Amino acid sequence: MAFIDRTRIKVEAGSGGDGAVSFRREKFRPKGGPDGGDGGNGGDVILHATNDVQDFSHIAGVHLIKAEDGLPGRGDRRHGKAGAERIVKVPPGTIVTEAETCEFLKDLDADDTRFVAAAGGRGGRGNRRFATSTNQAPTTCEEGQSGKSRVLDLELKMIADIGLVGLPNAGKSTLLSRISHARPKVAAYPFTTLHPNLGVLEAGSFARLVAADIPGLIRGAHRGVGLGDEFLRHIERTKVLAHVIDAAAGDPVCDYHTLRDELAAYGRGVDDKQSIIVASKMDLPGAQGGFRALKGSVSLAVVPVSSVSGEGLDELMQLLTSLAESSNRQG
């Protein structure tokens with residue numbers, strides 16, 4: 001199933017039920033008075049951020065998301081039943097805007113946060129509510145209010161502590177699978193990840209951290225070449241960037257500068273984040289030379305790792321955790 005991180009939905013809350021006009025009629029109380037009950041309130045449409053879903057594929061293409069209407073009131077002071085609310089699950093990191101006006105509405109930036117996307121209409125009052133000392137037999141009631149309706153744009157910016165970025169086939173997905181609980185698609189042939197993957201890191205007694213593997217960038221990505229910068233929004237919230245460079249490639253230093261140039265061209269502060277270099281595939285021939293070239297050419301910390309042999313993974317985990325915790329303290 002395709003990964004969908006942008007979608008537009010129409011939400012419509014339930015309408016309130018009408019109030020009732022009724023008079024109490026009993027054998028020995030011919031003038032029992034008005035007893036029309038109120039209509040039930042319409043249900044709300046609520047967006048619920050939860051880790052149960054990872055994107056919007058479950059709601060993409062849905063024409064209308066509607067909550068239940070309230071039921072009308074009845075005689076004998078019986079109120080109509082309130083309409084059931086409609087809960088729409090979205091992934092944490094969902095940004096909600098009004099489609100027509102582009103007005104920002106809500107950033108659901110944590111698990112188990114909620115937003116009332118459309119409020120249900122209030123139920124109408126029954127005729128007993130209109131009884132007064134001078135009007136003891138009112139025949140007036142209220143209609144229920146219509147539920148709110150709106151069109152919303154949803155955009156996902158993943159919540160992650162660490163972002164893994166690199167060129168295609170740099171080894172990001174394999175690395176993520178080794179340092180976390182994630183199980184992204186990996187293979188021995190060159191291909192690029194087609195959507196972001198999330199993994200949870202647990203390093204000894206350190207806190208759990210979330211890492212995001214971003215699809216590979218190529219030169220010109222900020223202009224739409226290849227997959228372009230389609231998924232770079234998912235590292236806008238990250239605290240630390242790990243530039244994964246294939247140390248066994250022909251020119252790893254050039255690859256690093258290509259990557260940094262694309263991040264700088266994208267902007268939005270991603271090139272200013274705390275960063276390290278992960279020299280990957282250290283088990284392959286020529287990787288030692290590539291590692292030395294990187295270490296001698298850039299000012300960032302360079303950590304040599306092999307996802308096959310496990311070389312450097314513990315050191316990498318400790319460094320990433322330290323940087324993320326430092327960023328948390330500063331933030």
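What's counted below: heavy atoms across the whole structure, side chains too, no hydrogens, waters or symmetry copies. In what follows, residues are counted from 1 in the order of the sequence shown. Bear in mind the structure is a predicted one, so any value in this text is a computation, not a measurement.
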Steps toward side chain to side chain contact (heavy atoms under 4.5 Å, CB included) verdict (Thr113, Lys106):
CA-CA 10 Å; Thr113 53; Lys106 184 70 174 179; 5.7 Å; no
Strictly distance-based, threshold 3.5 Å: is any side-chain N or O of Thr238 a donor or acceptor partner for the main-chain N or O of Ile235?
yes
Kindly indicate whether the side chain of Leu47, heavy atoms from C-beta on, has any atom under 4.5 Å from the side chain of Val116.
no
Do the side chains of Asp55 and Asp5 get nearer than 4.5 Å, heavy atoms only?
no
Test log, rule salt bridge (charged side-chain N to carboxylate O under 4.0 Å, His left out), inputs Asp76 and Arg24
CA-CA 7 Å; Asp76 199 20; Arg24 189 172 183 179; 5.4 Å; no
I need the minimum non-hydrogen distance between Pro252 and Gly290, along with the two atoms involved.
CG-CA, 3.7 Å
For Thr97 and Phe104 the tightest heavy-atom approach is CG2-CA, 3.9 Å
Are Ile59 and Ile46 linked, directly or through intermediate hydrophobic residues, by side-chain heavy-atom contacts shorter than 4.5 Å (ILVMFWY only)?
no
Roughly how far apart are Ile245 CD1 and Asp255 CG, rounded to 0.5 Å?
6.0 Å
Does the pair Val305 and Val244 meet the rule for a side chain to side chain contact (heavy atoms under 4.5 Å, CB included), with working shown?
CA-CA 10 Å; Val305 304; Val244 183; over 6 Å; no
Between Ala110 and Pro92, what is the shortest heavy-atom contact and its length?
C-CB, 4.0 Å
If you group Ile, Leu, Val, Met, Phe, Trp and Tyr by side-chain heavy-atom gaps below 4.5 Å, do Leu300 and Phe291 land in one group?
yes
Find out whether Arg6 and Asp153 are in side-chain contact, i.e. whether some heavy atom of one side chain is under 4.5 Å from a heavy atom of the other.
no
Over 12 foreign heavy atoms within 6.0 Å of CG, Asp314:
no
Within the 4.5 Å heavy-atom criterion, are Val278 and His243 side-chain neighbours or not?
no
Ignoring hydrogens and angles, tell me if any N or O in the side chain of Thr174 forms a donor-acceptor pair with the backbone of Gly171 under 3.5 Å.
no
Tell me the closest heavy-atom pair linking Ala117 and Leu152, and the distance in Å.
CB-CD1, 3.7 Å
Report yes or no: do Val253 and Val302 belong to one cluster of Ile/Leu/Val/Met/Phe/Trp/Tyr joined by side chain heavy-atom distances under 4.5 Å?
yes
Within one Ile-Leu-Val-Met-Phe-Trp-Tyr cluster: Val53 and Val45, side-chain cutoff 4.5 Å:
no
Those residues at least two apart in sequence (or on a different chain) that pass salt bridge (charged side-chain N to carboxylate O under 4.0 Å, His left out) with Asp246 are Lys281
All heavy atoms of Ala13 vs all of Ala119, minimum pair found to be CB-O, 3.1 Å
Evaluate salt bridge (charged side-chain N to carboxylate O under 4.0 Å, His left out) for Arg237 paired with Asp107, printing each intermediate quantity in order.
CA-CA 12 Å; Arg237 302 180 192 257; Asp107 184 355; 3.0 Å; yes
Arg78 side chain to Gly75 backbone, donor-acceptor under 3.5 Å
yes
State whether the side chain of Asp18 and the backbone N or O of Gly144 hold a donor-acceptor pair below 3.5 Å, judged by distance alone.
yes
State the CG-OG1 distance between Leu108 and Thr50, to the nearest 0.5 angstrom.
11.5 Å
May I ask you to say whether Glu68 pairs ionically with Arg86, meaning some side-chain N is under 4.0 Å from a carboxylate O?
no
Do Ser307 and Arg178 come within less than 4.5 Å of each other through their side chains, counting heavy atoms only?
yes
Any non-hydrogen side-chain atom of Phe115 less than 4.5 Å from a side-chain atom of Leu105?
yes
Begin with the C-alpha distance, continue with both residues' side-chain angles, and end with the deciding distance and a verdict on side chain to side chain contact (heavy atoms under 4.5 Å, CB included) for Thr139 and Phe23.
CA-CA 9 Å; Thr139 58; Phe23 293 90; 4.2 Å; yes
Under-4.0 Å salt bridge between Lys89 and Asp52
yes
Side chains of Leu64 and Val11: does their closest heavy-atom pair fall under 4.5 Å?
no
Matching residue for His48 among Asp111, Thr94, Val90, Asp112 - test: side-chain contact (heavy atoms from CB on, under 4.5 Å)
Asp112
Worked verdict on Ile276 versus Leu320 for side chain to side chain contact (heavy atoms under 4.5 Å, CB included)
CA-CA 9 Å; Ile276 64 169; Leu320 290 174; 3.6 Å; yes
Between the side chains of Asp161 and Lys239, is the shortest nitrogen-to-carboxylate-oxygen separation below 4.0 Å, so that they form an ion pair?
yes
Greater than 12 external heavy atoms within 6.0 Å of Lys148's NZ
no
With rounding to the nearest 0.5 Å, note down the distance linking CG in Leu167 to OG1 in Thr258.
6.5 Å
So, the side chain of Ser280 versus the backbone of Ala170: is there a donor-acceptor pair under 3.5 Å, distance only?
yes
To the nearest 0.5 Å, atom CE of Met282 lies from atom OG of Ser306 at 8.5 Å
Atom pair SG/CG of Cys141 and Asn127 - distance to nearest 0.5 Å:
7.0 Å
Exam field: side chain Thr321 to backbone Met317, donor-acceptor pair closer than 3.5 Å:
yes
Minimum side-chain heavy-atom gap Ile95-Leu154 below 4.5 Å
no
Carefully, step by step, assess Arg125 and Asp38 under the rule salt bridge (charged side-chain N to carboxylate O under 4.0 Å, His left out).
CA-CA 4 Å; Arg125 293 179 295 174; Asp38 300 341; over 6 Å; no
Roughly how far, to the nearest 0.5 Å, is CG of Asn41 from OG of Ser15?
11.5 Å
Between the side chain of Arg74 and the main-chain N/O of Gly36, is any donor-acceptor distance below 3.5 Å?
no
Is it true that Arg128 and Asp35 have a side-chain N and a carboxylate O under 4.0 angstrom from each other?
no
Taking a hydrophobic cluster as the set of Ile, Leu, Val, Met, Phe, Trp and Tyr residues connected by side-chain heavy atoms closer than 4.5 Å, whether directly or through intermediates, do Val62 and Leu156 fall within one such cluster?
yes
Ignoring hydrogens, what is the shortest heavy-atom contact between Glu236 and Lys273? Give both atom names and the distance.
O-NZ, 2.9 Å
